[in-house]
Amino acid sequence: MRYNERELLSLARQPAEKAAEILMRLPKKGSVLKKRLVKLVVNFLFYFRTDESEPIGALLLEHCRIAKEEENVFSISFIEEPERKYCFECDSEEQCREWIEALKRASYEFMRRSLIFYRNEIQKMTGKDPLEQFGISEEARFQLGTRK
């Protein structure tokens, strides 16, 4: 994936939807759990050394699988590379559940499905396409893959 490093750093400095210091293991062989500041911003999960302000890495939460591994532990793996698995150990089962839910809601695909669902629900209730008032109805249908 191509990215602009300056824009990515700017995004990392934005307010987080969720942030915490938790244990993290990279997918490298022999990697051990290390305490990291983990910060969810839009659909990126940034991770920092706890004493630094610049991220040491970022995960784009697209085409990935977020799974509960064991008590207080969840993982993120990528569909194209399932063996590349990042593991995170939380302080509690509740914190683990909260992270899993937040990460699953962060992807573009989740937001797209939600938009389609709510758009259809509003249309059923009102008989009108809610996007029509913005003049984007036909374009939105095409982009969302719901062209009639």
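Predicted model only: the values in this text are computed from it and were never measured.
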**Q.** side chain to side chain contact (heavy atoms under 4.5 Å, CB included) between Leu131 and Arg119, intermediate numbers included
**A.** CA-CA 8 Å; Leu131 298 179; Arg119 179 180 180 208; 3.5 Å; yes
Q | Arg36 to Tyr47, cation-pi by 6.0 Å centre distance and 45° axis angle | A |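 Here Arg36 fails the 6.0 Å and 45° test against Tyr47.
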Value rounded to 0.5 Å, distance of [atom1] in [X] from [atom2] in [Y]:
{"X": "Lys34", "Y": "Ile22", "atom1": "NZ", "atom2": "CD1", "result": "15.5 Å"}
{"X": "Cys96", "Y": "Glu69", "atom1": "SG", "atom2": "CD", "result": "9.5 Å"}
{"X": "Lys128", "Y": "Ile122", "atom1": "NZ", "atom2": "CD1", "result": "13.0 Å"}
{"X": "Cys90", "Y": "Trp99", "atom1": "SG", "atom2": "CH2", "result": "8.0 Å"}
{"X": "Leu37", "Y": "Met24", "atom1": "CG", "atom2": "CE", "result": "11.0 Å"}
{"X": "Arg113", "Y": "Tyr108", "atom1": "CZ", "atom2": "OH", "result": "11.5 Å"}

Q. How close do Leu59 and Tyr86 get, heavy atom to heavy atom, and via which atoms?
A.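 Minimum heavy-atom separation between Leu59 and Tyr86: CD2-CZ, 3.4 Å.
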**Q.** Test log, rule salt bridge (Lys or Arg N to Asp or Glu O under 4.0 Å), inputs Lys39 and Glu17
**A.** CA-CA 8 Å; Lys39 185 175 172 183; Glu17 278 116 71; over 6 Å; no
Where the side chain of [X] meets the backbone of [Y], is there a donor-acceptor pair that is under 3.5 Å apart?
{"X": "Glu93", "Y": "Asn72", "result": "yes"}
{"X": "Glu21", "Y": "Val38", "result": "no"}
{"X": "Glu121", "Y": "Phe117", "result": "no"}

Same apolar cluster (I L V M F W Y, side chains within < 4.5 Å links), [X]/[Y]:
{"X": "Leu8", "Y": "Phe48", "value": "yes"}
{"X": "Phe78", "Y": "Leu26", "value": "yes"}
{"X": "Val42", "Y": "Leu103", "value": "no"}
{"X": "Met111", "Y": "Leu40", "value": "no"}
{"X": "Leu11", "Y": "Leu60", "value": "yes"}

(Q) Quick one, Glu54 with Arg13, criterion salt bridge (Lys or Arg N to Asp or Glu O under 4.0 Å). Give me CA distance, side-chain angles, the key distance, then yes/no. (A) CA-CA 8 Å; Glu54 298 229 347; Arg13 292 183 182 109; 3.1 Å; yes
Q: Apply the test side chain to side chain contact (heavy atoms under 4.5 Å, CB included) to residues Asn43 and Ser107: give CA-CA distance (whole Å), side-chain angles for both, the deciding distance (0.1 Å), then the verdict.
A: CA-CA 5 Å; Asn43 61 343; Ser107 77; 5.6 Å; no
(Q) Can you confirm whether Glu83 is buried at CD, in the sense that more than 12 heavy atoms of other residues, nucleotides or ligands lie under 6.0 Å from that atom? (A)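 Enclosed.
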Q) Does atom CZ of Arg84 have more than 12 heavy-atom neighbours from other groups under 6.0 Å away? A)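 It does: Arg84 CZ has more than 12 such atoms within range.
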Q. Which is it for Glu109 and Arg112 under the salt bridge (Lys or Arg N to Asp or Glu O under 4.0 Å) test, yes or no, and what are the steps along the way?
A. CA-CA 5 Å; Glu109 190 55 38; Arg112 181 181 171 277; 3.4 Å; yes
Q | Verdict with reasoning, Lys104 to Glu101, per salt bridge (Lys or Arg N to Asp or Glu O under 4.0 Å) | A | CA-CA 5 Å; Lys104 285 182 176 181; Glu101 287 179 29; over 6 Å; no
